[in-house]
Participant: 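Below you'll find the structure I mean.
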Number of protein chains: 2
Amino acid sequence: MKAIVFDVFGTIVDWRSSLIHQFNELEKELGLELPCEALTDQWRQLYAPSMDRVRQGELPWTVLDDLHRESLVKLLNQHGIALDEATIDRINLFWHRLTPWPDVQRGLQRLKEQYIIATLTNGNISLMVDVARYAELPWDMVFSAELFQHYKPDPEVYLGACHLLRLPPEEVMLCAAHNSDLRAARALGMKTAFIPRRTEYGLQQRNDLEAEEAWDVVAEDLVALSEQGASHPGHMSRAKCV
Amino acid sequence: MKAIVFDVFGTIVDWRSSLIHQFNELEKELGLELPCEALTDQWRQLYAPSMDRVRQGELPWTVLDDLHRESLVKLLNQHGIALDEATIDRINLFWHRLTPWPDVQRGLQRLKEQYIIATLTNGNISLMVDVARYAELPWDMVFSAELFQHYKPDPEVYLGACHLLRLPPEEVMLCAAHNSDLRAARALGMKTAFIPRRTEYGLQQRNDLEAEEAWDVVAEDLVALSEQGASHPGHMSRAKCV
């Protein structure tokens with residue numbers, strides 16, 4: 001194992017709290033009332049369908065920033081919220097300022113001592129560069145769907161990153177809080193590490209509370225992964241998977 | 001100006017001293033006599049012609065690691081030096097362990113406070129990731145010719161990086177120790193910063209000792225660039241260019 005690539009939205013950053021917080025701030029600043037939680041959750045619900053439109057050829061390749069904006073406009077219309085273009089642009093950039101989970105910076109620093117660490121994300125490069133700068137994430141490389149013009153879980157994204165690292169898939173581990181992402185990586189021969197983010201979707205979250213398969217590593221967070229998991233792939237999975 | 005992209009070989013790292021040093025170490029370890037300086041200089045002389053073979057379609061897209069290896073084999077044959085494949089592979093990886101010039105780490109850290117900082121290099125991604133880890137370079141992003149399947153000075157590399165940053169060329173500055181690289185960037189509308197590396201090719205260096213055009217910034221090194229240059233593009237050029 002030479003490199004660990006990380007899902008970002010949910011696994012590395014708490015996008016939901018970050019977006020709600022920024023909507024709250026905007027509400028105060030503009031003297032508006034906004035349904036901040038609903039806007040955040042509904043915006044994220046439009047994420048997978050918007051990428052599916054690209055995946056199915058309904059849209060040509062479109063970066064996530066632009067998919068986000070299209071979804072946002074649709075959502076604001078549904079809620080009857082009228083905002084000027086500059087404010088819509090500004091809200092779209094909420095995705096560029098996301099707070100990491102508390103274990104992330106320490107965990108990544110430690111993992112970086114032993115492994116190449118990189119993103120493997122559907123976010124576009126400029127979005128990810130902004131997030132990394134805002135959240136002080138010490139990536140060795142930013143791999144994005146944008147580089148391969150395919151969205152996860154298309155195989156091109158996972159294999160594209162391995163190819164650029166000049167490593168066979170079995171020497172690259174995907175770390176993610178989402179079982180489906182890990183399934184796609186494992187099917188291609190990559191190593192897998194699950195860390196739960198049980199409040200990614202708020203307190204009512206029902207999915208991805210636990211590992212659903214015997215992933216190579218299951219750890220509580222990135223610090224735990226750095227302490228025990230990644231150095232002994234396979235070690236924790238049987239003990240912890242459901 | 002939002003981002004600065006950097007040439008790496010020569011501008012950021014002292015590849016020549018690093019290679020000579022590694023050849024010297026290998027010589028001792030293997031109990032061989034090697035023409036360390038000649039091998040280093042001749043290997044680098046094969047760099048531009050090897051990329052030209054790709055640029056002219058004589059070779060399909062080939063990453064720098066593979067061009068380096070082909071040149072190395074040719075060179076060893078010319079010198080009548082017989083080495084096994086594993087040793088040749090090991091020598092090829094000398095390019096992954098390059099020492100930065102003394103101002104680089106401090107200069108990049110300071111520039112990163114104000115600008116997105118990234119590579120813009122003909123080195124492939126895995127080579128650049130290794131160099132960044134070895135030399136502790138705090139890049140926000142690693143842009144490589146490999147992402148665009150074109151070598152500098154082809155415009156695709158410069159414009160490709162601007163496109164991924166979602167910035168117009170005039171908001172991106174190329175910093176390089178080579179006037180020709182800056183000429184290519186300026187022709188596409190990018191900002192330009194020259195820093196001299198007068199011993200990149202050793203004490204006999206004749207080229208790129210000074211700025212040959214009125215670049216937007218000319219600074220002695222990256223620390224000087226961070227102090228005065230980049231924040232006032234245009235400020236130093238007329239005073240210092242030849």
Side-chain angles (χ1 to χ4, degrees), chain A residues 2-5 61-69 89 92-93 95-96 105 108-109 111-121 123-149 160-168 171-172, chain B residues 2-5 61-69 89 92-93 95-96 105 108-109 111-121 123-149 160-168 171-172:
Chain A
K2 304 274 175 60
I4 310 181
V5 294
W61 173 254
T62 307
V63 295
L64 190 60
D65 267 337
D66 294 339
L67 294 178
H68 272 156
R69 199 181 190 289
D89 285 341
N92 208 43
L93 286 174
W95 289 98
H96 291 228
Q105 287 164 337
L108 287 182
Q109 280 296 356
L111 289 164
K112 183 168 175 158
E113 291 166 18
Q114 285 192 274
Y115 307 101
I116 291 168
I117 60 167
T119 66
L120 193 73
T121 174
N124 44 290
I125 293 287
S126 79
L127 184 161
M128 274 302 132
V129 164
D130 285 349
V131 166
R133 288 173 59 84
Y134 180 83
E136 299 183 25
L137 308 175
W139 304 122
D140 291 311
M141 177 65 196
V142 175
F143 291 121
S144 157
E146 186 179 15
L147 297 181
F148 314 111
Q149 307 225 337
C162 296
H163 178 77
L164 289 173
L165 289 169
R166 290 169 76 88
L167 292 173
E171 292 182 14
V172 182
Chain B
K2 303 274 175 61
I4 310 180
V5 294
W61 173 253
T62 306
V63 294
L64 190 60
D65 267 337
D66 295 338
L67 294 178
H68 272 156
R69 199 180 189 289
D89 284 341
N92 208 43
L93 286 175
W95 288 99
H96 291 228
Q105 288 164 335
L108 287 182
Q109 281 297 356
L111 289 164
K112 184 169 175 157
E113 290 164 20
Q114 284 192 274
Y115 308 101
I116 292 169
I117 59 167
T119 67
L120 193 74
T121 173
N124 45 290
I125 293 286
S126 78
L127 183 161
M128 272 302 131
V129 164
D130 285 350
V131 166
R133 288 172 59 83
Y134 180 83
E136 298 183 25
L137 308 175
W139 303 123
D140 291 312
M141 177 64 195
V142 176
F143 291 120
S144 157
E146 186 179 15
L147 297 181
F148 314 110
Q149 306 227 338
C162 297
H163 178 76
L164 290 173
L165 289 169
R166 291 169 77 86
L167 293 173
E171 292 182 15
V172 182

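By convention in this document, chain letters (A, B, ...) are assigned in the order of the sequence lines, proteins followed by strands, and residues within each chain are numbered from 1. What you see is a predicted model; the values in this text were computed from it and never measured.
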Participant: I need the A:Ser126 OG to B:Leu167 CG distance, nearest 0.5 Å.
Facilitator: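 Between A:Ser126 OG and B:Leu167 CG, I get 7.5 Å after rounding to 0.5 Å.
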Participant: Sequence neighbours left out, what passes ring pair (Phe, Tyr, Trp, His ring centres under 6.0 Å) with B:Trp139? Give chain and number order.
Facilitator: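 B:Trp139 satisfies ring pair (Phe, Tyr, Trp, His ring centres under 6.0 Å) with B:Phe6 once adjacent residues are dropped.
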Participant: Would you call A:Asp66-B:Arg166 a salt bridge at under 4.0 Å N-O?
Facilitator: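 Yes.
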Participant: Using heavy-atom distances under 4.5 Å, tell me whether A:Leu147 contacts chain B through its side chain, its backbone, both, or neither.
Facilitator: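 Side chain only.
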Participant: Using a cut-off of 6.0 Å, state whether more than 12 heavy atoms not belonging to A:His163 lie near its atom NE2.
Facilitator: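 No, not enclosed.
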Participant: Report yes if the side chains of B:Met141 and A:Met141 come closer than 4.5 Å at any heavy-atom pair, otherwise no.
Facilitator: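 Sidechains of A:Met141 and B:Met141: in contact.
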Participant: Between B:Ile116, B:Leu127, B:Val129, which residue shows the highest count of heavy-atom pairs closer than 4.5 Å to chain A?
Facilitator: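 Result: the option with the highest number of such pairs is B:Ile116.
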Participant: B:Arg133: what forms a salt bridge (Lys or Arg N to Asp or Glu O under 4.0 Å) with it, not counting sequence neighbours?
Facilitator: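 B:Arg133 satisfies salt bridge (Lys or Arg N to Asp or Glu O under 4.0 Å) with A:Asp140 only.
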